[in-house]
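The block underneath contains the structure these notes are about, expressed in structure tokens.
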Amino acid sequence: HLNQTEQADEIIDYMKTSYPDTAQKLALSKILMKGDIPALEKEAPSHPEIQKLLNDYNAEKKSTQTAQLLNTFIPGAGYFYLGQTQSGITATLLNGLFIWASVYFFQHGNTAAGIIFTSVEAGWYFGGIYGAGHEAKLYNERIYEKHATPVMNENRYFPILMLKYGF
């Protein structure tokens with residue numbers, strides 16, 4: 001955290017030779033705090049608690065691509081997929097209203113208003129697709145935190161709790 005990477009590397013190297021278990025726990029705690037799933041998958045075979053964390057996380061996580069795809073075909077459906085009913089209803093109603101207004105103005109010869117409402121609708125539409133993907137990412141982060149925090153607490157994977165000596 002102090003941007004003294006050389007000193008930190010020296011301390012970690014020293015810990016690896018003098019306190020290998022603590023060094024391994026520190027490395028694992030860093031991976032857990034970052035939420036580095038590929039690195040956790042490499043560690044999982046030798047750590048049953050990490051394997052359980054990954055299994056629980058994978059069972060509950062949502063696909064960002066699915067959320068975006070659903071919102072592409074039915075505006076608001078991606079939010080419903082994520083369990084965000086209010087956002088789903090709002091997205092569906094707003095997109096529906098702007099589509100209806102655009103069609104209404106074009107059918108009644110008011111091309112300028114139709115173009116304005118269509119351009120506003122395009123913003124809502126593409127913003128909704130992006131938003132659904134972003135919300136899926138945030139959803140997955142909350143799921144990870146829900147499962148990782150107890151693992152870190154139970155196994156004392158916090159650096160400050162692992163160090164026995166002050167500097």
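Heavy atoms only: backbone and side chains are in, while hydrogens, waters and symmetry mates are out.
More than 12 heavy atoms of other shown residues, nucleotides or ligands fall within 6.0 angstrom of atom CD in Q7. For CD1 of I37, the number of neighbouring non-hydrogen atoms (other residues, nucleotides, ligands) closer than 6.0 Å is greater than 12.
F126 has its side chain out of reach of N71: every pair of non-hydrogen atoms, C-beta onward, lies at least 4.5 Å apart. Taking 4.5 Å as the limit, every side-chain heavy atom of L26 sits out of range of all side-chain heavy atoms of Y157. Taking 4.5 Å as the limit, every side-chain heavy atom of L69 sits out of range of all side-chain heavy atoms of I129. The closest side-chain heavy-atom distance from K16 to P20 is not below 4.5 Å.
Residue pairs satisfying the side-chain hydrogen bond (donor to acceptor under 3.5 Å, both in side chains) criterion with at least one member in residues 119-128, sequence neighbours excluded, are absent. Residue pairs meeting the salt bridge (Lys or Arg N to Asp or Glu O under 4.0 Å) criterion with at least one member in residues 49-64, sequence neighbours excluded, are K52-D56, E60-K146. Counting only residues at least two apart or in different chains, side-chain hydrogen bond (donor to acceptor under 3.5 Å, both in side chains) contacts with residues 72-88 comprise Q84-E135. Counting only residues at least two apart or on different chains, the side-chain hydrogen bond (donor to acceptor under 3.5 Å, both in side chains) pairs with a member in residues 93-109 are S102-T118.
With rounding to the nearest 0.5 angstrom, the CG atom of L53 is 9.0 Å from the CG atom of N58. Taken to the nearest 0.5 Å, the CG atom of L28 stands 5.0 Å off from the NE2 atom of H47. Between atom CD of residue Q24 and atom OG of residue S46 there is a gap of 6.5 Å, rounded to the nearest 0.5 Å.
Every residue two or more places apart in sequence or in another chain that forms a side chain to side chain contact (heavy atoms under 4.5 Å, CB included) with A44 is listed here: I50, Q51, L54. When the side chain to side chain contact (heavy atoms under 4.5 Å, CB included) test is applied to K42, no partner is found at least two apart in sequence or on another chain. Residues satisfying the side chain to side chain contact (heavy atoms under 4.5 Å, CB included) test with A27, not counting sequence neighbours, are none. Residues satisfying the side-chain hydrogen bond (donor to acceptor under 3.5 Å, both in side chains) test with Q65, not counting sequence neighbours, are S63.
Y144 and M33 fall within the same hydrophobic cluster, where Ile, Leu, Val, Met, Phe, Trp and Tyr residues are linked whenever their side-chain heavy atoms come under 4.5 Å apart, directly or through other members.
Smallest separation of non-hydrogen atoms from E43 and I31: CG-CD1, 4.3 Å. L70 approaches A77 most closely through the heavy-atom pair O-CB, 3.6 Å. Heavy-atom minimum distance, P150 versus E145: CD-O, 4.3 Å. The shortest heavy-atom contact between Y57 and I143 is CD1-CG2, 3.8 Å. Of all the heavy atoms in N155 and V151, the pair that sits closest is ND2-O, 2.9 Å.
Formation of a donor-acceptor pair under 3.5 Å by the S18 side chain with backbone atoms of M15 is not found in this model. Distance alone, capped at 3.5 Å, is enough to place a donor-acceptor pair between the T92 side chain and the P75 backbone.
I89 belongs to a hydrophobic cluster whose remaining members, ordered by chain and number, are F80, L93; membership requires side-chain heavy atoms of ILVMFWY residues under 4.5 Å apart, directly or through intermediates. Grouped by direct or indirect side-chain proximity (heavy atoms under 4.5 Å, Ile/Leu/Val/Met/Phe/Trp/Tyr only), I115 sits with F106. Other members of the cluster containing L138 do not exist, because no ILVMFWY side chain is joined to it at under 4.5 Å.
Using bins of under 30°, 30° to 60° and over 60° for the plane-to-plane angle, the ring pair F117/F105 lands in the tilted bin.
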